[in-house]
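Remarks on the structure that follows.
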Amino acid sequence: MVLLTGCGSSKRAAFSMYDKKAVATYYHDKFNGKKTASGETFSNSKYTAAHRKLPFGTKLKVTNKANGKSVIVTVNDRGPFSGGFDLDLTRKAFMEITDKKTHGNLTVTLEIAK
């Protein structure tokens, strides 16, 4: 009899706090198919985000402060450029962590993967 252990990965990504109170919004569908600042083609069905300063490729854990739901996204664009927002999420990522599908922004925490 052979017993296999460790078939699944028990390693979890480690994250460090970046921003305890950020405001996230999401991209309009009109940006689908356009180039992001990193040169990638934008798709609202992916797990990506725009941030003004973080390097492209940065993995972020975004957690909705109201309900504790989180999602991991990759920074591939610059923005948001409208006042008061810190992060633009794709629609897919935003809808995964919101409870209010008709509300356009969330207060979130941002953690960076180590």
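All of these numbers come straight from a predicted model, not from anything done at the bench. Along the sequence shown, residues carry numbers from 1.
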Straight-line distance of R91 CZ to T98 OG1, nearest 0.5 Å: 11.5 Å
field: OG-CG distance between S45 and D29, expressed to the nearest 0.5 angstrom
entry: 10.0 Å
message: Would the distance check show the side chain of N67 and the main-chain N or O of I97 forming a donor-acceptor pair, the cut-off being under 3.5 Å?
response: yes
message: Salt bridge check, K21 against D86: does any charged N sit closer than 4.0 Å to a carboxylate O?
response: no
- prompt: Does K53 NZ have over 12 foreign heavy atoms under 6.0 Å away?
  reply: no
- prompt: Does T25 use its side chain to pair, donor to acceptor, with the backbone of G104 at less than 3.5 Å?
  reply: yes
- request: Answer whether the closest heavy-atom distance between the side chains of T63 and K69 falls below 4.5 Å.
  value: no
task: Go through the side-chain N and O atoms of Y27 and D77 and say whether any donor and acceptor fall under 3.5 Å apart.
output: yes
task: Any chance you could measure T58, atom OG1, to L110, atom CG, to the nearest 0.5 Å?
output: 11.0 Å
- prompt: So, for G84 and V23, which heavy atoms are closest and what is the spacing to 0.1 Å?
  reply: O-CB, 3.6 Å
task: In sequence, state the C-alpha distance, the side-chain angles, and the governing distance for I112 and L54, and then conclude on side-chain contact (heavy atoms from CB on, under 4.5 Å).
output: CA-CA 10 Å; I112 297 177; L54 290 172; 3.8 Å; yes
message: According to a hydrophobic-cluster definition based on side-chain heavy atoms being under 4.5 Å apart (Ile, Leu, Val, Met, Phe, Trp, Tyr only), do I72 and F94 belong together?
response: no
field: Residues forming a side chain to side chain contact (heavy atoms under 4.5 Å, CB included) with K65, sequence neighbours excluded
entry: T107, T109
message: Could you measure the distance from the NZ atom of K100 to the CE atom of M95? Nearest 0.5 Å is fine.
response: 13.5 Å
statement: Those residues at least two apart in sequence (or on a different chain) that pass salt bridge (charged side-chain N to carboxylate O under 4.0 Å, His left out) with K34 are none
query: Any idea which heavy atoms bring R78 and H51 closest together, and the distance?
result: NH1-O, 3.0 Å
task: Calculate, to the nearest 0.5 Å, the distance between atoms CG and OG belonging to N64 and S70 respectively.
output: 9.5 Å
- prompt: For T74 and K59, does a side-chain donor sit closer than 3.5 Å to a side-chain acceptor?
  reply: yes
Cluster overlap F31 with V75, hydrophobic side-chain contacts below 4.5 Å: no
- prompt: Got a sec, which residues hit side chain to side chain contact (heavy atoms under 4.5 Å, CB included) with A93, two or more places apart in sequence or on another chain?
  reply: Y47, V71, V73, L89, T90
- prompt: Looking at P80 and A50, what are the two nearest heavy atoms and their distance?
  reply: CD-O, 4.0 Å
message: Looking at every non-hydrogen atom in both residues, tell me the closest pair between F15 and L60 and how far apart they are.
response: CE2-C, 4.5 Å
query: Would you find a donor on one side and an acceptor on the other, under 3.5 Å apart, between the side chain of S38 and the backbone of N76?
result: yes
field: Contact check, side chains of V62 and L87, non-hydrogen atoms, under 4.5 Å
entry: yes
query: Between D88 and Y26, what is the shortest heavy-atom contact and its length?
result: OD1-N, 4.5 Å
Distance (rounded to the nearest 0.5 Å) between F85 CZ and R52 CZ: 10.0 Å
message: How close do K92 and K46 get, counting heavy atoms only, and between which atoms?
response: CB-O, 3.9 Å
